[in-house]
Amino acid sequence: MWFLTIIFMINSELSSIFEDLADMEDIEENHWESIAYRKVAKSISMLTGDVLDLYHEKKLRNIEGVGSAIEKKIIEYIETGKISKYEILKEKYNIDFQSLRKIQGLGPKRIALLHLTLGIKNLDDLGAAIDSDRISKVPGFGTKSQEALKKAIEFYKSTGAGRIPLATCYDDIQKFFDKINSGGKFTELQIAGSARRMKDTVGDIDILSSSTIPEEAAKYFLGLEEIKHVIASGDTKISVILSLGLNCDLRIIDHKSFGAGLQYFTGSKEHNIRLRDIAISKGMKLNEYGLFKGEKVIASETEHGIYKELGLQWVPPELRENMGEVEAALENSLPELVDYDLIRGDFHTHTDATDGHSTFRQMVDAAIKLDYKFIAITEHSKSLKIAHGLDEKKFMARNREIEKFNEKKSSLRVLKGVELEILKDGSLDLSKGLLQEMDVVIGAIHQSVNDDIRNNTTRFVRAIESGLLTTIAHPTGRLLGTREPYHIDFDTVFQACKDNNVAVEINGFPTRSDLPYDLVKKAKSYKVNFTLGSDAHGTEQLKYLRFATAIARRGWLESKDVLNADLQFSKKFGK
DNA sequence: GCCGTTTTCGGCCCGACTGTTTTCAGTCG
């Protein structure tokens with residue numbers, strides 16, 4: 001088992017090494033090398049599979065941005081544990097780039113300068129230099145820079161400067177947005193950036209606006225009580241830290257450029273770079289003000305216009321990651337994504353009978369209020385003691401309760417469900433008779449999760465082959481920020497799901513967001529079905545279903561792929 | 001250091017804001 005842990009660390013190790021290399025090449029003024037390393041660092045960090053697998057299959061060049069030189073470096077790292085170029089540079093610049101780079105306002109050049117003049121190597125050194133007023137004396141810095149760095153360190157330490165799950169701050173973002181809107185100073189206002197793309201985590205909030213009275217509008221915005229600190233404030237761009245611990249960028253742009261601005265600020269960066277490439281190849285130029293041919297504006301007012309003039313289908317924000325959507329849009333072959341409004345039922349919820357905090361009745365009432373057509377109540381099974389899992393007898397009582405409710409012919413149908421423990425050897429936690437009585441059986445792994453890839457995969461596959469599962473719950477088991485994904489061979493698992501007509505869950509609970517969207521795409525390639533679930537443990541968490549839908553869309557799913565979607569649900573459950 | 005439907009060489013997205021300069025480099029998204 002020990003070596004598997006090491007395998008899984010290789011992706012993140014290589015990614016940090018190339019980040020460091022990029023920073024050091026920046027200092028060395030090797031700008032293009034830096035860009036190349038940074039690109040590879042990013043693509044490795046986004047890989048679903050193992051770099052070591054690609055090494056064995058001699059497919060390292062398949063990683064985006066890896067050419068012959070970087071391929072050699074990766075091989076050198078795997079075979080010797082070191083990259084000589086990295087070691088040499090590391091000797092020259094003995095600096096903790098990883099943490100220093102997270103301080104707003106510090107890039108490679110300034111880090112290098114502080115290292116050279118004051119010998120600053122890490123955050124502690126930096127803090128001490130600020131406290132003893134040494135930064136402001138460094139050429140190129142001044143009292144304002146020093147003060148800004150001090151604030152940036154405070155912000156970094158208070159938030160961990162990490163990205164937070166979108167689902168946990170979505171309501172706050174919406175509330176703040178409504179507040180800005182309520183002032184009546186803006187003619188147009190829209191959330192852009194990763195929140196518009198419905199990415200599972202967000203680092204800041206991007207808001208695009210237009211106004212007939214821009215100065216007044218900016219002043220109004222800066223006066224809002226939610227703003228804790230102003231980082232930058234110009235004519236068209238304001239950057240602030242909100243008291244809820246997030247950065248927020250507001251752009252004020254001319255009404256005529258709103259579409260171009262929205263396209264630009266929605267990103268992703270990689271998607272935008274591709275669009276600019278296409279613009280250049282057509283003899284045009286694309287920026288946040290419009291699409292231009294020479295001085296002439298070709299399109300600027302609407303996003304649709306920009307895409308159309310570039311010869312592309314309009315791309316839904318969720319897909320804008322440069323993961324094949326540009327090619328598909330060029331060929332007019334983008335998927336018809338499953339619509340949020342079509343999802344009116346939840347396959348994964350809990351009540352206070354196990355580890356939830358709302359009653360059965362409260363959950364059902366909340367579902368009716370949301371105009372759901374169905375809700376599956378899926379309590380934990382008996383061996384998950386920490387969550388007070390139910391035994392056969394208690395499930396039977398619960399099932400009678402559900403049948404009684406359904407007799408009343410409510411607009412809502414309640415499905416008899418269980419989130420069933422898949423035991424260590426792949427056997428199931430409840431009897432076959434009971435499971436056959438259930439509408440929804442979600443197979444899950446919560447315990448003994450640190451096994452190796454072969455055992456974990458076999459465990460899942462055995463359960464899938466039992467013929468008793470409807471779907472498999474939060475398949476990777478990752479917990480954002482706290483737990484790495486289980487070691488699982490997903491090709492084998494998805495194939496087994498397809499062969500046994502078992503669906504794959506997309507769990508919208510904020511810290512799970514599981515499957516990740518790239519694995520959704522992979523699962524879709526095996527033509528499996530999907531179930532969406534909020535994993536709500538109380539009525540106020542039912543809203544997480546929307547984020548499961550967002551992941552489905554980011555994973556290119558269409559209505560026909562998702563059992564929650566009206567038509568599919570009727571087919572499967574005969575209603 | 002990567003990459004190719006004009007290219008195996010010569011490109012590589014583009015603009016805003018800040019602080020410290022005295023016209024611009026560094027950083028950010």
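Predicted model only: the values in this text are computed from it and were never measured. Per chain, numbering begins at 1; letters A, B, ... match sequence-line order.
Between A:Glu216 and A:Lys185, at least one side-chain nitrogen of the basic residue sits less than 4.0 Å from a carboxylate oxygen of the acidic one, meeting the salt-bridge criterion. A salt bridge does not link A:Glu76 to A:Lys82: none of the charged nitrogens lies less than 4.0 Å from a carboxylate oxygen. With salt bridges taken as basic N to acidic carboxylate O contacts below 4.0 Å, one links A:Glu226 and A:Lys179.
Taking the C1' atoms as reference points, B:dT8 lies 12 Å from B:dC2, given to the whole Å. B:dT21 and B:dA25 have their C1' atoms separated by 9 Å, with the value rounded to a whole Å. For the P atom pair drawn from B:dT20 and B:dA16, the interatomic distance equals 22 Å after rounding to whole Å. Distance noted for atom P between B:dC13 and B:dG4: 14 Å (whole Å). When the C1' atom is used for both B:dT6 and B:dG1, the distance is 23 Å, rounded to whole Å. For the P atoms, the distance from B:dC28 to B:dT23 is 25 Å, rounded to whole Å. Nucleotides B:dG19 and B:dC12 have their P atoms positioned 31 Å apart, rounded to a whole Å.
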| said: As a quick check of understanding, evaluate side chain to side chain donor-acceptor pair (under 3.5 Å) for A:Thr187 and A:Ser210, giving each step before the final call. | reply: CA-CA 6 Å; A:Thr187 40; A:Ser210 70; 3.0 Å; yes

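Atom CD1 of A:Ile241 is separated from atom P of B:dG29 by 11 Å (rounded to the nearest Å). The distance between atom CG of A:Leu113 and atom P of B:dT20, rounded to the nearest whole Å, is 13 Å. Rounded to whole angstrom, the span from the CD1 atom of A:Ile207 across to the C1' atom of B:dG29 amounts to 15 Å. Separating the NZ atom of A:Lys102 from the P atom of B:dC28 is a distance of 13 Å, rounded to the nearest angstrom. Rounded to an integer number of Å, the gap from CG of A:Asp206 to P of B:dG15 is 18 Å. Atom CG in A:Leu250 sits about 14 Å away from atom C1' in B:dG29, given to the nearest Å. Rounded to whole angstrom, the span from the CG atom of A:Asp204 across to the C1' atom of B:dC28 amounts to 10 Å. Rounded to whole Å, atom C1' of B:dA16 lies 16 Å from atom CG of A:Asp254.
A:Thr266 comes within 4.0 angstrom of no nucleic acid atom, judged by non-hydrogen atoms across all strands. Among the atoms of the strands shown, only primed sugar atoms or phosphate atoms (P, OP1, OP2) are found under 4.0 Å from some heavy atom of A:Pro108. Residue contacts for A:Ser233: at a heavy-atom cut-off of 4.0 Å it reaches the sugar-phosphate backbone alone, with no base atom in range. In this structure, A:Arg101 reaches the sugar-phosphate backbone alone: every heavy-atom distance under 4.0 Å involves primed, P, OP1 or OP2 atoms, never a base. Among the heavy atoms of the strands lying under 4.0 Å from A:Ile103 are primed sugar atoms or P, OP1, OP2 only; no base atom is included. Among the heavy atoms of the strands, none lies under 4.0 Å from A:Asn30.
There is no side-chain donor-acceptor pair under 3.5 Å between A:Glu321 and A:His271.
The phosphate of B:dC28 has neither OP1 nor OP2 within less than 4.0 Å of any side-chain N or O from A:Ser239.
Ring to ring, A:Phe509 and A:Phe547 are not that close: their centroids are 6.0 angstrom or more apart.
Geometrically, A:Arg251 does not engage A:Phe265 in a cation-pi contact, judged by NZ or CZ lying under 6.0 Å from the ring centre and within 45° of the ring axis. By the 6.0 Å and 45° rule, A:Arg546 stacks over the aromatic ring of A:Tyr340.
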| said: Within the 4.0 Å limit for protein heavy atoms, which parts of nucleotides 1-14 of chain B are touched? Write it as a string from 5' to 3', B for base, S for sugar-phosphate only, - for none. | reply: BSS--------BBB

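Comparing A:Leu106 and A:Phe141, the nucleotide of DNA chain B nearest to each residue sits closer to the 5' end for A:Phe141.
In a base pair of the Watson-Crick type (N1 to N3 plus N6-O4 or O6-N4) or a G-U wobble (N1-O2 and O6-N3), with each distance short of 3.5 Å, B:dG1 is matched with B:dC12.
The side chain of A:Lys109 approaches B:dT27 more closely than any other nucleotide in the set B:dT27, B:dC17, B:dG15.
Remark: A:Thr476 pairs with A:Asp514 by the side chain to side chain donor-acceptor pair (under 3.5 Å) rule, at least two apart or across chains.
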